[in-house]
Amino acid sequence: MEIVVKIARDQKIPIYPISTGHNWGYGSAAPAADDSVIVDLSRMNRVLEVDPVLGVVTLEPGVTQQQLRDYLDQHQLPFLVPVTGAGPTCSLLGNALERGYGITPHGDHFAAVMALRAVLPSGEIYQSAIAEAGGKDVDHAYKWGVGPYLDGIFTQSSLGIVTQMTLALARVPERVELFIFGLPEEADLESGVDAVRALRQSLGDGLGAINILNRLRVLSMIEPYPLEAAAQGKVIPGDMIEAMAKRRRLPYWFGVGALYGTKETVPAMRRRVKKTLGPRSKGLLFFSKSRLGLLQALMSLVPGTLGQVMQERLSTLDETLDILLGRPRETALKLAYWKSGGVPSARDPDEPLDPARDGCGIMWYAPLVPMTARSVRSYVDMITEICPKFGINPLITLTTISERCFDSTVPILFDLQTEGEQAQACYRALFEEGQRRGFLPYRMNLKSMGLYVDRENSVYWRTVERVKQALDPDQLISPGRYHRGVVPEAALNAAESEMDNE
């Protein structure tokens, strides 16, 4: 990689590195600026080292969720892969650098990054001060190193090319249980949020992330899109949603979470979930892998529509439990195909899904929402009001990322050929109204980064520009990615003087 950077520097050619290019809904493999050469790192796909005692793995950018799962299984190593809903072919390193989240115990994926190695625009190799001093082993065991913490500048940035990363892995627990619950009415959301927050506060690391999904988001995973009944550019009519939800026996809000621990601790946590969530929800059920297998066998004996519906629901729960056990699945990725009419029928069943290849229009709006009933209600009202104005169905997921905050994901699904402009307009409207209400994204797609970085008189983005100018004055690596471009020093000083005078 040092040679690639040297050639690019000598020839003044901007380069845009990608891990696997499967950054679905945020830009995939597209560069942030025109006239950039894409550097595809997907064939740098070695698992370099696993320490089974300390539970850390060092890997390259092209290592996917499935590759690590296969490696761990092959070597009989008892660890969970930090999976996401993006599917088996996505890069672990790339997701961590985007500060992505999952629903296994190490849900904050950058928090699990212990060390990294990067090529700077100068061609020099960056690593921590402890690693440079010869402390490789302890560097892999201790995240923060010594001196200013600089590893973070390589996340959501354009300041270097990360070629190696060391991740802490969660061990396979003795016991894992999936639980589901329903909030039957739209108005039950507030009490559900209060219960989920109380559980996060009381159960700590034994409780995985909890997802709360509106019924339309669940339908997008299990029902075909009703193309014949939804006119182009219009959302699915409310009465049709009611009929689809009734057929599938769905509540207005559907929740799913997991308990991780020992045979002694999980039953105790289960009792706490029942006590806290039970009175505020309906249909609270717990499933282990063995119980799901038994129920699937029983439902296969039930004839008619009921048996079919229950088998489909149990199959979805089984795939969800696989994800909670650190086994990547395409369950959630099928969402990208919902409005486009479904997964191509001619696809080889062994060929992975690829929304970019298959022409799916998807863009993620992913704001952070304080975990209070009032904030969540304001946020949900905003989504359900704005999205339909642009012909976008309001699909909502709220995922706990702490005991204080949700990360929400709203997929803007659109036809690439005819609805691109209205999708962008919808995103802008959501961003601007969300900004007014205090809900701002933790991650941006390529076309929308300017909504953040083009703010006038921003001390933060001016600081980013200074760092970019110091490390990459020629705009060599990923120009336009989470920065405005290098501003001349005189202009920066003038802007600072103007702010001081104010």
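In this text the structure is predicted, and so the values were computed from the model without any measurement.
A cation-pi arrangement is present between Arg291 and Phe287 under the rule of less than 6.0 angstrom and at most 45 degrees off the ring axis. A cation-pi geometry, defined here as NZ or CZ lying under 6.0 Å from the six-membered ring centre and within 45° of its normal, does not hold between Lys447 and Tyr26.
Between Met444 and Leu451, some side-chain heavy-atom pair lies under the 4.5 Å cut-off. Ser158 places none of its side-chain heavy atoms less than 4.5 Å from the side chain of Pro479. In this structure, the side chains of Val50 and His75 stay at 4.5 Å or more apart for every pair of heavy atoms. Using a 4.5 Å cut-off on side-chain heavy atoms (C-beta onward), Lys468 and Pro473 make no contact. Residues Tyr16 and Asp40 fail the side-chain proximity criterion, which asks for heavy atoms closer than 4.5 Å. You'll find the side chain of Pro105 reaches within 4.5 Å of the side chain of Leu80, heavy atoms only. A heavy-atom distance below 4.5 Å is found between the side chains of Leu189 and Arg377. Side-chain contact between Thr166 and Val113 is absent, with no heavy atoms from C-beta onward closer than 4.5 Å.
Heavy-atom neighbours of Gln76 CD from other residues, nucleotides or ligands within 6.0 Å: at or below the threshold of 12. At most 12 heavy atoms of other shown residues, nucleotides or ligands fall within 6.0 angstrom of atom CG in Asp205. Annotation: Arg171, atom CZ; neighbour count of heavy atoms from other residues, nucleotides and ligands within 6.0 Å is above 12. Heavy-atom contacts from other residues, nucleotides or ligands closer than 6.0 Å to NZ of Lys275 number 12 or fewer.
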Discussion item. Before you tell me yes or no, could you show the steps for Arg280 and Glu190 under salt bridge (Lys or Arg N to Asp or Glu O under 4.0 Å), namely the whole-Å CA-CA distance, both residues' side-chain angles and the distance that decides it to 0.1 Å?
Written reply: CA-CA 10 Å; Arg280 310 189 195 196; Glu190 283 88 342; over 6 Å; no
Worksheet item: Taking it one step at a time, do Arg437 and Glu433 satisfy salt bridge (Lys or Arg N to Asp or Glu O under 4.0 Å)?
Response: CA-CA 6 Å; Arg437 298 191 189 202; Glu433 180 60 19; 2.8 Å; yes
Item to complete: Would you please test Lys289 and Asp318 for salt bridge (Lys or Arg N to Asp or Glu O under 4.0 Å) and show each step?
Response: CA-CA 7 Å; Lys289 198 70 173 176; Asp318 190 48; 2.9 Å; yes
Item to complete: Apply the test side chain to side chain donor-acceptor pair (under 3.5 Å) to residues Arg466 and Thr463: give CA-CA distance (whole Å), side-chain angles for both, the deciding distance (0.1 Å), then the verdict.
Response: CA-CA 5 Å; Arg466 287 188 179 278; Thr463 302; over 6 Å; no
Worksheet entry | Intermediate values then yes/no, side chain to side chain donor-acceptor pair (under 3.5 Å), Asp139 and Ser128 | CA-CA 8 Å; Asp139 185 49; Ser128 76; 2.7 Å; yes
Discussion item. Go through it in stages, so that I can follow the logic: the residues are Tyr482 and Tyr452, the test is ring pair (Phe, Tyr, Trp, His ring centres under 6.0 Å), and I'd like the CA-CA distance, side-chain angles, deciding distance and then a yes or no.
Written reply: CA-CA 8 Å; Tyr482 285 106; Tyr452 262 130; 8.2 Å; no
Discussion item. Test side chain to side chain contact (heavy atoms under 4.5 Å, CB included) on Leu430 and Cys387; report intermediate values, then the result.
Written reply: CA-CA 8 Å; Leu430 289 171; Cys387 284; 4.1 Å; yes
Worksheet entry | Residue pair Val193, Thr372: steps toward the side chain to side chain contact (heavy atoms under 4.5 Å, CB included) verdict | CA-CA 7 Å; Val193 167; Thr372 66; 5.9 Å; no
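With hydrogens and angles ignored, the 3.5 Å screen pairs no side-chain donor or acceptor of Ser378 with any backbone N or O of Ser375. Judged by distance alone, the side chain of Ser191 and the main-chain N or O of Asp188 form a donor-acceptor pair under 3.5 Å. Checked by atom type and distance alone, the side chain of Thr84 pairs as donor or acceptor with a backbone atom of Ala86 at under 3.5 Å. Here the side chain of Arg117 pairs no donor or acceptor atom with the backbone of Gln127 at under 3.5 angstrom. Between the Glu177 side chain and the Arg270 main chain, no donor and acceptor come within less than 3.5 Å of each other. A donor-acceptor distance shorter than 3.5 angstrom exists from the side chain of Gln156 to the backbone of Tyr442, with no hydrogens or angles considered. Judged purely by atom type and a 3.5 angstrom limit, Ser458 has no side-chain atom pairing as donor or acceptor with the backbone of Arg455. Between the side chain of His22 and the main chain of Thr89, a donor-acceptor pair closer than 3.5 Å is present. Side chain of Asn214 to backbone of Ile396: a donor-acceptor contact under 3.5 angstrom is found. At distances below 3.5 Å, at least one donor-acceptor pair connects side-chain atoms of Glu174 with backbone N or O atoms of Lys263.
In summary, the side chains of Asp70 and Gln66 do present a donor paired with an acceptor at a separation below 3.5 Å, with no hydrogens or angles considered. A side-chain donor from one of Asp151 and Tyr126 sits under 3.5 Å from a side-chain acceptor of the other. If you check the side chains of Asn211 and Thr397, you find no donor sitting under 3.5 Å from an acceptor. With hydrogens and angles left out, the side-chain atoms of Arg443 and Asn23 include a donor and acceptor closer than 3.5 Å.
Separating the OG atom in Ser288 from the CG atom in Leu321 is a distance of 8.0 Å, to the nearest 0.5 Å. In this structure, the separation between OG on Ser281 and CH2 on Trp253 is 15.0 Å, given to the nearest 0.5 Å. How far CG of Leu59 is from CD of Gln67: 9.5 Å, rounded to the nearest 0.5 Å. For the atom pair Leu395 CG and Leu335 CG, the distance stands at 6.5 Å (nearest 0.5 Å). Atom CG of Leu413 is separated from atom CH2 of Trp338 by 7.5 Å, given to the nearest 0.5 angstrom. Between the OG1 atom of Thr331 and the CG atom of Leu333 there is a distance of 9.5 Å, given to the nearest 0.5 Å.
No close placement of the Phe406 and Tyr379 rings is indicated, their centers lying 6.0 Å or farther apart.
Classification of Arg484 and Glu465 as a salt-bridged pair holds, one side-chain N sitting under 4.0 Å from a carboxylate O. Taking 4.0 Å as the cut-off between side-chain N and carboxylate O, Arg428 and Glu432 count as a salt-bridged pair. Ion pair Glu60/Arg46 flagged as a salt bridge, since at least one NZ, NE, NH1 or NH2 atom sits closer than 4.0 Å to an Asp/Glu carboxylate oxygen.
Between Pro52 and Phe79, the closest heavy-atom pair is O-CZ, 3.6 Å. The heavy-atom pair separating Gly152 from Phe110 by the smallest distance is CA-CZ, 3.9 Å. Residue Leu446 comes nearest to Ala30 through the heavy atom pair CD1-O, 2.9 Å, listed as atom of the first residue, atom of the second, then distance. Here the closest non-hydrogen pair linking Thr163 and Pro61 is O-CD, 3.3 Å. In terms of heavy atoms, Leu324 sits closest to Ala258 at CD1-CB, 3.6 Å. Closest heavy-atom contact between Gly160 and Ile477: CA-CD1, 4.0 Å.
With sequence neighbours left out, Tyr260 forms a ring pair (Phe, Tyr, Trp, His ring centres under 6.0 Å) with no residue at all.
Looking at Val57, Val56, Thr58 one by one, the single match for side-chain contact (heavy atoms from CB on, under 4.5 Å) with Leu167 turns out to be Val57.
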